[in-house]
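Take a look at the structure set out below.
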Amino acid sequence: MKTVNILDARNNLSKLVSAAVRGEEIVIANRGRPVARLVAMSDETPSHTAAAAYEWLTSNPPPRDSARSTEELERQIAQEREGWE
């Protein structure tokens, strides 16, 4: 782990980014107090993307008969709110 002050980080950002890509962890300090950490990003794509959600929803559609009317929803919301008090 390498610690640098903010001014050095600003002046050497490209070098610090290269070091982070190589696996080093860079800590940026303000007046000797650590305030930020510079690390490399992972190459893995997160599984919780909009495309993954769309794919899941198209393969697992909600049941058609579960639709409720506006009145039913408002009644249920009112009942839930009464239970809060």
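Sequential numbering from 1 along the given sequence is applied to the chain's residues. Basis for what follows: all heavy atoms, side chains included, without hydrogens, waters or symmetry-related copies.
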Worksheet item: Can you check side-chain contact (heavy atoms from CB on, under 4.5 Å) on Asn12 and Val4, steps first, answer last?
Response: CA-CA 10 Å; Asn12 297 298; Val4 296; over 6 Å; no
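Taking all atoms of both residues into account, the shortest heavy-atom contact from Ala20 to Ala40 is O-CB, 3.3 Å.
Rounded to the nearest 0.5 angstrom, Ile28 CD1 and Asp8 CG are separated by 10.5 Å. Atom CG in Leu16 sits 13.0 Å away from atom CZ in Arg10 (nearest 0.5 Å). In this structure, Asn30 CG and Ile6 CD1 are separated by 4.0 Å, a value rounded to the nearest 0.5 Å.
Sorted by first and then second residue, the salt bridge (charged side-chain N to carboxylate O under 4.0 Å, His left out) pairs involving residues 26-40 (not counting sequence neighbours) are Glu25-Arg37.
For Glu72, the side-chain contact (heavy atoms from CB on, under 4.5 Å) partners two or more places apart in sequence, or in a different chain, are Arg68, Ser69, Arg75.
Under the 4.5 Å side-chain contact rule for hydrophobic residues, Val17 and Ile26 share a cluster.
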